[in-house]
Amino acid sequence: MNVSEWLVFILIMQIIHGLSTWKLYAKAGRKPLESFIPIYNLIILMKIINRPRWWVFLLFVPIINLLMIPIVWIETIKSFGKSSRLDIILVLITLGFYITYLNYTSKKLTYIENRDLQPKSNTEDTIGSLLFAIIVATLVHTYVIQPFTIPSSSLEKTLYTGDFLFVSKINFGARTPMTTVALPMVHDSIPLTGFKSYLFNDDFTKKETSLINKLQLPYFRFPSLEKIKRNEIVVFNQPADTLRDMDNFKPDRNYYKPIDKKTNLVKRCVGMPGDSLEIRDGNIYINGKLDKLPESAKAQYNFLVDTKGQTISQDALVHRYGAREGMKYENGDFALTNTGQYFLTLTDKEAAAIANNPVVKGVTKNLSPKGEDGGVFPHIPSLGWNIDNFGPIYIPQKGKTVKLDLKSLPFYKRIIEEYEKNTLKVHGNEIIINGKVSNTYTFKQDYYWMMGDNRQNSLDARFWGYVPFDHVIGKPVFIWFSWDKDGKGINKVRWNRVFSVVNGDGEPKSYLIHFLALVALYIIGSKIIKKKRKA
């Protein structure tokens, strides 16, 4: 629904509220008309049920309101003496319409003005505390900071598989959830079940006609603290995600997903709006100049390390030369090919170091040749683009206009139709947008080019194109834990990465000791203060 449709929906809900409660308002000594006045009626309701006015704000916060509305239903019936377990079950299973029934049978009801708000049992106290904790956690998770796990090696040497991050949403401006009916604090599926965690018809043919899809909120973003910078690491929703499960690349059909429920990814923003980007032999060029990555970024490539069948110790490969990926045996050790070569993913510096090993006869970077089609965006074989030789390509900028013809259309077709919600048809050589023949197009938002540092082992913008700004989630700021599944014992924890910052310069520095020292000082200080108070 658009903004005007949502306003009409809210107005209808307010009328239903008035029709369902006006007699109860009168019972509480208020004017029945007050139950029909939008927003004001909820402020008065908070007075009736003896709850703070700021609850009204929570009733309009997406996702949070799914928790708050049932709470208000329960508090309302309790204020009129209906506090049994059966009453609570009835108001919940009737979606609040039990209140409507009570409103029109209100002769037997008595308003309890000074109702005792203290929990009647330990169970009630526990449930109340748990609900409050969930509401606070959901607010923080949705609008401030969100935990995130690195699932893949696309940013290896900067972010490792098994890093647990905190992603700040306020840096680039927090988005309000577009999917209004969803479980709090989970993404697109319920853990351990695989079931969808949100209400939405993911059949592409029914995306515009399904009634439950009408519950989607329009996109809105709060003001940001900063803008995305070149070569900064960014978390975003994969724009072309049509997979029910990201581990299954051959689903039974394509699944249409709302923006905020598309798969979360983390990549480096190598291309900014308005840039011309090109990849030559694996190196990125921006506006014709070689891109200079920050010290913390370490681009990796696949190398063939020829030893003529001689082995290099696994410890040396991992700890001296920094190999983390490559061809391996089933036991996890790096394997030699039939021609006596190691196939390893390394940085250029690491490749130069291993080349000095006496048993190494040659080191070759495994690049796709220029002119060979690699099935990359915009998926035009005649371009001869691949992951190592790509472009040049223009990255769209808000307010900028590009020439539109049959040759350029594949670059911008998805933007025009999917991201910017226009109708697009092609008749012969004519391109028709929103019913008008068009030979230009002006972009409505900024777009970015997101890539992994693990250049040849990253599913990124080279395959699905531009990332719209409305798909940007936030900025990873902190690694609070790091787990190495291949480690042993205490070394499964990467201690040098615990409590370290992201997007910094150079190697990550752990602040775990500093944190533990502060905790110890707090505990000692608290004990000293308590002793002084007792004295």
Side-chain angles (χ1 to χ4, degrees), residues 150-155 178 187-188 202 204 207 219 228 231-251 253-273 275-279 282 284 286 368 372-397 402 408-422 424 441 443-473:
I150 298 298
S152 69
S153 63
S154 68
L155 284 169
M178 285 152 266
H187 188 49
D188 59 347
D202 54 23
F204 181 82
K207 69 169 185 171
Y219 167 75
I228 298 173
N231 289 321
E232 193 166 37
I233 296 174
V234 177
V235 176
F236 58 95
N237 297 112
Q238 208 271 51
D241 180 16
T242 58
L243 300 177
R244 181 70 184 88
D245 176 2
M246 280 300 289
D247 294 326
N248 178 15
F249 285 90
K250 295 180 179 179
R253 62 176 173 86
N254 285 343
Y255 290 83
Y256 186 81
K257 301 164 80 170
I259 292 173
D260 56 336
K261 294 302 176 183
K262 292 180 180 180
T263 299
N264 295 334
L265 292 182
V266 57
K267 306 287 180 186
R268 191 177 301 279
C269 178
V270 299
M272 300 289 288
D275 281 347
S276 173
L277 178 142
E278 187 176 4
I279 302 173
I284 297 172
I286 302 295
S368 300
E372 179 182 282
D373 175 54
V376 295
F377 181 83
H379 306 287
I380 302 175
S382 61
L383 290 174
W385 293 2
N386 52 61
I387 59 173
D388 300 314
N389 288 280
F390 183 97
I393 190 170
Y394 171 73
I395 303 172
Q397 184 176 12
V402 293
S408 64
L409 183 61
F411 291 87
Y412 310 120
K413 185 176 186 292
R414 186 171 178 83
I415 288 178
I416 295 168
E417 284 187 303
E418 180 63 27
Y419 306 148
E420 303 197 350
K421 309 300 180 185
N422 300 285
L424 187 149
Y441 185 77
F443 301 105
K444 299 175 184 177
Q445 62 176 317
D446 285 330
Y447 292 82
Y448 300 84
W449 198 262
M450 308 289 189
M451 282 177 56
D453 292 347
N454 198 345
R455 293 286 190 249
Q456 295 165 316
N457 303 292
S458 173
L459 187 63
D460 53 33
R462 290 169 293 180
F463 293 93
W464 31 256
Y466 316 104
V467 175
F469 183 60
D470 63 11
H471 282 57
V472 171
I473 297 172

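As a basis for the values below, the full set of heavy atoms in this structure was taken, side chains included, without hydrogen atoms, waters or symmetry mates.
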What residues, two or more places apart in sequence or in another chain, satisfy salt bridge (charged side-chain N to carboxylate O under 4.0 Å, His left out) together with Asp470? none
Side chain proximity check, Pro258 to Met178, heavy atoms < 4.5 angstrom: no
Can a donor-acceptor pair be found, under 3.5 Å and without considering hydrogens, that links the side chain of Arg462 to the backbone of Val376? no
Main-chain N/O of Asp188 paired to Lys261 side chain as donor or acceptor, under 3.5 Å: no
Rounded to the nearest 0.5 Å, how far apart are CD of Glu417 and CD of Glu420? 12.0 Å
Side chain of Asn237, backbone of Ile473: donor and acceptor closer than 3.5 Å? no
Which residues satisfy the salt bridge (charged side-chain N to carboxylate O under 4.0 Å, His left out) test with Glu278, sequence neighbours excluded? Arg280
Against Trp449, only a single residue in Tyr394, Phe390, Phe463 fulfils ring pair (Phe, Tyr, Trp, His ring centres under 6.0 Å); can you say which? Phe390
Verify whether one side chain among Asp373 and Asn386 offers a donor that lies under 3.5 Å from an acceptor in the other. no
Starting from the C-alpha separation in whole Å, work towards a yes-or-no answer on side chain to side chain donor-acceptor pair (under 3.5 Å) for Tyr448 and Glu232. CA-CA 11 Å; Tyr448 300 84; Glu232 193 166 37; over 6 Å; no
Pairwise distance CG(Leu383) to CD1(Ile393) - rounded to 0.5 angstrom: 9.0 Å
Please tell me if the side chains of Trp464 and Leu459 come closer than 4.5 Å, counting only heavy atoms from C-beta onward. yes
For Pro239 and Pro468, the nearest pair of non-hydrogen atoms, with its separation, is CB-CD, 4.0 Å
Closest non-hydrogen atom pair between Ile395 and Gly271, with its separation: CD1-CA, 3.5 Å
Could you tell me which non-hydrogen atom of Pro410 sits nearest to which non-hydrogen atom of Pro378, and how far apart they are? O-CB, 3.9 Å
What do you reckon, is NZ of Lys413 surrounded by more than 12 foreign heavy atoms closer than 6.0 Å? no
Under the criterion ring pair (Phe, Tyr, Trp, His ring centres under 6.0 Å), which of Phe469, Tyr419, Tyr412, Phe411 is the partner of Phe443? Tyr412
If we only count heavy atoms from C-beta on, is the Asp241 to Leu265 side-chain gap below 4.5 Å? no
Could you check if a side-chain atom of Arg455 sits within less than 4.5 angstrom of a side-chain atom of Ile387, using non-hydrogen atoms only? no
Taking it one step at a time, do Met451 and Ile284 satisfy side chain to side chain contact (heavy atoms under 4.5 Å, CB included)? CA-CA 10 Å; Met451 282 177 56; Ile284 297 172; 3.8 Å; yes
Atom OG of Ser154 and atom CG of Asn457: how far apart are they, to the nearest 0.5 Å? 9.5 Å
Heavy-atom closest pair (Ser368 atom, Glu372 atom, distance to 0.1 Å) is CB-OE2, 4.3 Å
Given the rule in the side chain to side chain contact (heavy atoms under 4.5 Å, CB included) test, do Met272 and Ile286 qualify, once you have shown the distances and angles that lead to the verdict? CA-CA 9 Å; Met272 300 289 288; Ile286 302 295; over 6 Å; no
Value for CG (Leu155) from CG (Asp460), rounded to nearest 0.5 Å, stands at 9.5 Å
For Asn231, is there any backbone N or O sitting under 3.5 Å from a side-chain donor or acceptor partner on Arg268? yes
Could you please spell out the steps behind the side chain to side chain contact (heavy atoms under 4.5 Å, CB included) verdict for Thr263 and Lys257? CA-CA 9 Å; Thr263 299; Lys257 301 164 80 170; 3.8 Å; yes
Roughly how far apart are Tyr255 OH and Leu243 CG, rounded to 0.5 Å? 10.0 Å
As an exercise, state the distance from CG of Asp446 to CD1 of Ile228, rounded to the nearest 0.5 Å. 8.5 Å
